[in-house]
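Notes to accompany the following structure.
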Amino acid sequence: MDVTSIIDPLNDAQRQAVTAPSQAMLVLAGAGSGKTRVLVHRIAWQIQVLGVSAHSILAVTFTNKAAKEMRGRIEELLNMSAQSMWIGTFHGVAHRLLRRHAKQAKLPETFQVMDSGDQLRLIKRLLATLNLDADKWPPRQVQWYINAQKDEGIRARHMMETGDPYQRQMLIIYKAYEQLCDRSGLVDFAELLLRAHELLRDNPDVLDFYQQRFRQVHVDEFQDTNTIQYAWLRLLTEGKDNIFVVGDDDQSIYGWRGAKIENIYSFQKHYPNHQVIKLEQNYRSTGNILKAANKVISVNDGRMGKELWTDAGDGDLISLYAAFNEQDEAHFVVERIRAWVNEGGLRKDVAILYRSNAQSRQFEERLMTTGTPYRVYGGLRFFERVEIKNALAYLRLMSNRDDDASFERVINTPTRGIGAKTIDDIRNIARDQSLSLWAAAIVLINQRTLSARATNALIGFLELIKRFDGQAEGLELFEKVKLVVEKSGLIELYQKDKADKGEEKVENLEELVNAARLFDASTIGDLEDQENLGELDMFLANATLESGELQGDDFDDCVQLMTLHSAKGLEFKQVFLVGMEEGLFPSQQSVDDVGRLEEERRLCYVGITRAMKQLYLTYAESRRLYGRETYPRPSRFLREIPSEHIQEVRMRATVTRPVTSVKPKAQSLQTEGKYKLGQRVSHAKFGEGVVLQMEGDGAQERVQINFKQVGLKWLILAYAQLDVL
DNA sequence: CCTCAAACATTTTTT
DNA sequence: ATGTTTGAGG
């Protein structure tokens with residue numbers, strides 16, 4: 001038994017957590033403090049020292065990536081297969097439970113998982129069926145409402161009429177939605193969690209089985225759990241307190257999608273015998289970066305309280321750059337990256353982090369023109385592409401005729417002469433007789449009310465699916481996929497798509513066949529699971545649950561561009577935190593709500609702590625946003641960083657100021673007089689600022705100045721006493 | 001059935 | 001500015 005490899009690489013706090021007796025444990029792990037390491041070593045400790053069987057380990061994460069990493073690191077540390085451990089996302093584990101106990105969960109064996117796109121389409125259709133005006137009841141809002149209820153564990157039947165007409169209508173829709181999902185055998189993401197909770201709650205034998213089975217339950221990113229996830233964890237560990245959670249209240253940035261930071265506080269109430277261990281030693285960043293992060297986050301109220309420290313020294317100061325506009329900002333950032341690379345730095349160690357996706361464009365353009373390889377995270381994932389969804393819909397329909405969402409998706413894709421009228425008829429029959437669309441289509445054919453042409457087209461479609469099903473018999477998974485891709489007419493459809501994207505879509509379909517070839521069901525569950533489910537269904541479920549995360553190719557040396565949210569959990573030697581402006585970051589929608597503002601601040605904390613060696617903060621004094629010129633003030637978060645950790649960078653001399661963003665009228669004036677556009681000035685009352693526009697002359701001459709403290713002002717030059725800086 | 005233009009909205013994202 | 005959705009017309 002080699003305990004040293006488990007214990008030696010740990011600091012005191014980490015070791016204490018790893019070797020603690022089996023009891024409720026809350027590890028408050030600051031950014032870069034070795035959170036995953038603690039989790040991995042804790043599991044290893046139990047197996048190697050306490051003799052716990054791998055079979056009785058459960059570990060839940062939020063992302064597939066985190067689950068994969070944890071599994072890999074455990075295997076590496078223990079030098080054994082982690083196959084029999086339940087390590088997965090909340091959704092993945094819930095899905096596995098529901099597959100195993102479909103009957104007790106009151107689900108058909110062939111139930112399929114919908115992603116949010118499928119869900120939205122289903123809701124749109126439902127609203128149409130209910131004759132509701134989509135303008136008055138926006139599908140997105142309905143979707144949000146339903147998911148919010150499910151996240152809280154609330155079923156339509158639990159809800160009471162409040163007399164509020166909005167709530168009443170939502171309730172009607174929610175009820176109808178539940179019925180439709182049941183009839184079609186469809187389960188959305190929130191439903192997976194809710195169903196899994198109900199499965200354990202309502203089936204004592206099932207609950208007992210898993211309570212016995214899992215000797216220790218581990219949870220990653222606990223601050224991101226929502227109500228139902230936490231309730232599920234509590235059920236599973238009831239009375240045994242065998243729960244080990246790792247999280248950081250300061251990195252809770254998903255409140256807007258139902259995460260309950262309060263779960264950390266409730267944990268201490270619900271598990272009175274719990275122990276709290278704080279991990280505060282940071283192994284990632286320099287002292288200056290950590291001190292800045294600590295200061296920013298300390299502005300928030302009601303924290304558990306944590307202060308990161310390092311013994312690695314202060315390192316470089318944080319650089320602050322005030323750009324003239326967003327193009328100047330991009331220019332500056334890319335020049336710095338080029339300098340970094342020239343000095344031997346790797347591009348993949350550099351990240352540009354922004355608050356909203358729209359900000360990536362300017363950087364992409366700049367990187368493009370300088371020929372710097374880069375990668376943008378967060379685009380459409382593979383299994384979310386239309387062409388892929390279409391192909392999967394055929395496969396789903398083969399597996400489950402009642403899958404209305406898939407039926408509707410491909411009934412006329414590619415077009416085969418089944419028009420809106422025919423589909424409408426099918427929908428009506430389905431609604432009136434509570435049938436699936438497939439069954440309703442058969443009824444419609446037998447009614448003989450359709451024109452011969454429409455009837456033939458419809459029969460043709462049904463026959464096509466049946467033929468697929470017949471031909472697929474006995475084929476390998478990838479051959480089935482190939483069959484559908486080739487014979488559905490999708491390839492032809494995209495081949496004649498003259499728009500540039502057609503070719504790419506054909507390639508993606510070929511890639512889908514390839515993905516099926518590589519798909520190895522045995523990596524998903526263990527043998528018990530595979531008996532319950534066909535390989536095709538496993539493939540389909542996996543496609544939804546793991547929507548094709550583009551794994552960063554380690555071979556490619558690319559600058560990384562992503563939102564602050566997707567940067568959580570990652571680290572980079574050099575980080576650019578761009579667009580540090582009021583209204584952008586913190587975002588406009590957050591500024592007048594304390595709770596949301598605090599979440600923005602945590603996001604800022606996350607961003608700062610991504611940096612290992614160098615951190616650059618940038619903002620623009622003028623920015624084109626949604627087609628309008630705006631003059632934002634620097635972000636309040638900048639002021640929350642003590643100036644002793646910051647150095648201002650000025651690159652005026654080397655930057656060719658783009659004149660294009662300035663009104664032509666002002667342009668003609670810019671060479672005249674004492675002040676130039678972009679000139680830094682200081683005012684006795686308003687402080688420091690930048691000249692943005694000038695107009696008039698003589699006594700009427702006015703300048704528009706963007707002041708750091710007070711924002712935008714027009715001043716009459718004759719009165720204003722400005723000092724040139 | 002397809003194409004084009006007007007209207008529209010526009011934080012953050014995983015599963 | 002830009003991408004997406006909806007409606008009219010070919």
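Letters A, B, ... mirror the listed sequences (proteins, then strands); counts begin at 1.
Contact annotation for A:Phe62: backbone-only contact, meaning every heavy-atom pair under 4.0 Å involves sugar-phosphate atoms and none involves a base. Within the nucleic acid shown, A:Arg628 has no heavy atom closer than 4.0 Å to any nucleic acid atom. Here A:Ser356 lies in heavy-atom contact (under 4.0 Å) with sugar-phosphate atoms only.
The distance from the CG atom of A:Leu193 to the CD1 atom of A:Ile228 is 7.5 Å, given to the nearest 0.5 Å.
When distances are taken from the side chain of A:Thr89 to each of B:dT12, B:dT15, B:dT11, the shortest belongs to B:dT15.
When rounded to the nearest whole Å, the span between CD of A:Glu599 and C1' of B:dT13 equals 12 Å. Rounded to an integer number of Å, the gap from CG of A:Asn412 to C1' of B:dC2 is 13 Å. Atom OH of A:Tyr377 is separated from atom P of B:dT12 by 18 Å (rounded to the nearest Å). For the pair A:Asp188 CG and B:dT15 P, the computed distance is 16 Å after rounding to whole Å. Rounded to whole angstrom, the span from the NE2 atom of A:His565 across to the P atom of B:dT13 amounts to 7 Å. Rounded to whole Å, the distance from CD on A:Glu364 to P on C:dG3 is 11 Å. Between A:Met562 atom CE and B:dT14 atom P there is a gap of 11 Å when expressed in whole angstrom units. In this entry the distance linking CD of A:Glu365 with P of C:dA1 reads 12 Å, nearest Å.
A:Arg602 forms no cation-pi arrangement with A:Tyr605, by the criterion of a distance under 6.0 Å to the ring centre and an angle within 45° of the ring axis. Both the sub-6.0 Å distance and the 45° axial angle are not jointly satisfied by A:Arg195 relative to the ring of A:Phe111. Both tests pass for A:Arg375 against the ring of A:Tyr377: distance under 6.0 Å to the centre and angle within 45° of the axis.
Between A:Tyr626 and the phosphate of C:dG3, there is no side-chain N or O to OP1/OP2 separation shorter than 4.0 Å. At the phosphate of B:dT13, neither OP1 nor OP2 sits under 4.0 Å from any side-chain N or O atom of A:Arg381.
Using cut-offs of 30° and 60° on the angle between ring planes, the pair A:Trp256 and A:Tyr254 is tilted.
Side-chain N/O atoms of A:Ser116 and base N/O atoms of B:dT15 include a donor-acceptor pair closer than 3.5 Å.
With its ring centre under 5.5 Å from that of the base six-membered ring and a plane angle below 30°, A:Trp256 counts as stacked on B:dT12.
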